[in-house]
Number of protein chains: 2
Amino acid sequence: MSQSGAEIRRRLQDAGLRPTRQRVALAELLFAKGDRHLAAEDLHFEAIESGVPVSLATVYNTLHQFTNAGMLRILAVEGSRTYFDTNTSDHHHFYIEEEGEVVDVPVSGLRVENLPEPPEGMEVANIDVVIRLRRKR
Amino acid sequence: MSQSGAEIRRRLQDAGLRPTRQRVALAELLFAKGDRHLAAEDLHFEAIESGVPVSLATVYNTLHQFTNAGMLRILAVEGSRTYFDTNTSDHHHFYIEEEGEVVDVPVSGLRVENLPEPPEGMEVANIDVVIRLRRKR
DNA sequence: CTGTGTGCAAACTCTTTGCATAAGT
DNA sequence: ACTTATGCAAAGAGTTTGCACACAG
């Protein structure tokens with residue numbers, strides 16, 4: 001799932017985004033390691049850590065640009081933090097409240113059956129299943 | 001599903017919450033009209049509107065107390081706002097992004113099949129299915 | 001009376017925005 | 001050069017907290 005710099009630059013251009021230093025660097029962090037779920041702050045931290053001095057505001061802007069371009073999906077899992085998911089295809093999540101951690105549900109399993117009709121004039125945009133976990137006592 | 005004042009007072013006491021003016025009033029607003037999904041601000045507005053001068057802080061406190069008492073559930077649907085759901089039993093939701101509106105999925109239908117094993121030492125707390133809707137084009 | 005609840009305003013967290021500077025094509 | 005992106009700091013939204021006063025038991 002990892003992508004070369006050139007590939008990333010092309011992807012950005014196809015999305016109408018100029019491949020700036022920051023965007024390329026952030027895209028590399030996001031897409032180099034397979035599926036990831038992270039908050040803006042997490043990515044900001046990683047960027048700084050790996051020597052790319054982006055501002056947090058730019059990380060937010062960039063994440064939203066990527067989301068609009070269909071490269072990311074927003075994950076509504078918890079009230080305060082917004083998580084971004086690098087896997088834009090249909091899949092579902094475990095959420096561990098104590099650690100604020102999101103884990104993919106293995107695709108093999110879970111299926112949503114017997115989907116009801118949406119109300120008049122509406123269509124399904126997507127379905128999010130969040131399985132909240134707690135530590136066994 | 002509507003409840004008398006006395007019934008509400010008893011429910012609060014059973015939960016270890018003193019049935020104060022504000023708590024009784026808020027509980028009546030919450031539970032008088034069947035299943036509801038609302039944000040703290042919505043409830044605050046309704047309270048003021050119906051002549052109960054609670055502060056927003058008290059609404060938040062009260063909503064969390066009710067949640068801890070199992071009378072409400074928190075609904076993770078969208079990044080910014082926290083929705084509280086008066087229906088604490090297992091059921092799922094439509095979410096209409098444009099209007100920030102949450103609607104119950106008729107219980108009859110949808111079922112989640114083939115639930116995968118949670119990771120080691122974890123158990124399922126609950127499952128939230130959010131069906132995001134958009135207007136048909 | 002005693003202790004818990006409430007209101008207010010201030011603090012906090014996460015996120016967005018405005019504007020001058022910097023970088024991409 | 002011309003245009004779009006970035007950084008910073010400040011503003012915004014939603015939520016939480018601390019402390020003095022009010023109320024329930």
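Below, read A as the first sequence line, B as the second, and so on, with proteins coming before strands; counting in each chain starts at 1.
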Taken to the nearest whole Å, NE2/His44(A) to P/dT13(C) is 17 Å
When rounded to whole Å, the CG to P distance for the pair Leu38(A) and dT15(C) reads 12 Å
Nearest heavy-atom contact between Ile48(B) and Pro53(B) is CD1-CA, 4.0 Å
So, does Arg21(B) get its side chain near the phosphate of dA24(D), meaning an N or O under 4.0 Å from OP1 or OP2? yes
For Arg23(A) and Gln65(A), test the side chains for any donor-to-acceptor distance below 3.5 angstrom and give the result as yes or no. yes
| Are OP1 or OP2 of dT6(C) and a side-chain N or O of Thr20(B) less than 4.0 angstrom apart? | yes
Residue pair Ala57(A)/Thr82(B) against DNA chain D: nearer the 5' end by closest nucleotide is Ala57(A)
*Gln22(B) side chain N/O closer than 4.0 Å to the phosphate oxygens (OP1, OP2) of dA22(D)?*
no
By nearest-nucleotide position on DNA chain C, the 5'-leaning member of Glu41(A) and Asn61(A) is Glu41(A)
Overall bend of the helix from dC1(C)-dG25(D) to dT25(C)-dA1(D) (five pairs an end, 10° steps) is 30°
When rounded to whole Å, the CG to C1' distance for the pair Asn68(B) and dG5(C) reads 16 Å
- Task: Scan Leu17(A) against the nucleic acid and name what it touches under 4.0 Å (heavy atoms): base, sugar-phosphate only, or nothing.
- Result: nothing
Taken to the nearest whole Å, CG/Asp42(B) to C1'/dG14(D) is 12 Å
Only one of Val105(A), Asp104(A), Asp128(A) passes side chain to side chain contact (heavy atoms under 4.5 Å, CB included) with His91(A), and that residue is Asp104(A)
| field | dT4(C) phosphate, OP1 or OP2, under 4.0 Å from Arg23(B) side-chain N/O | value | no
In whole angstroms, the gap separating C1' of dT6(D) from CG of Leu26(A) amounts to 11 Å
With Asp85(B) as partner, the option from Arg73(B), His93(B), Arg36(B) fulfilling side-chain hydrogen bond (donor to acceptor under 3.5 Å, both in side chains) is His93(B)
Whole-Å distance, Arg9(B) CZ to dC23(D) C1', equals 12 Å
Considering only heavy side-chain atoms of Ala40(B), the closest of dT16(C), dT15(D), dG25(D) is dT15(D)
Per atom distances to the Ser80(B) side chain, the nearest of dG14(D), dT6(D), dT25(C) is dG14(D)
note: Leu56(B), atom CG; dA9(C), atom P; distance rounded to Å ~ 13 Å
Taking only the side-chain nitrogens and oxygens of Thr58(A), find out if one of them lies under 4.0 Å from OP1 or OP2 of dG7(D). yes
Centre-to-centre under 6.0 Å for Tyr95(B) and His37(B), is that the case here? no
Okay, side chain of His44(B), backbone of Ala40(B): is any donor-acceptor separation there less than 3.5 Å? no
For Arg9(B) and Pro19(B) the tightest heavy-atom approach is NH2-O, 3.8 Å
Counting C-beta onward and ignoring hydrogens, is there a side-chain heavy-atom pair between Met122(B) and Phe94(A) closer than 4.5 Å? no
From the candidates dT16(D), dT6(D), dG25(D), the one with an atom nearest any side-chain atom of His64(B) is dT16(D)
Per atom distances to the Ser55(B) side chain, the nearest of dA5(D), dG7(D), dG7(C) is dG7(C)
Assign each of Gly16(A) and Tyr60(B) the nucleotide of DNA chain D bearing its closest heavy atom; nearer the 5' end lies the nucleotide of Gly16(A)
Arg81(A) CZ to dC12(C) C1', in whole Å, measures 13 Å
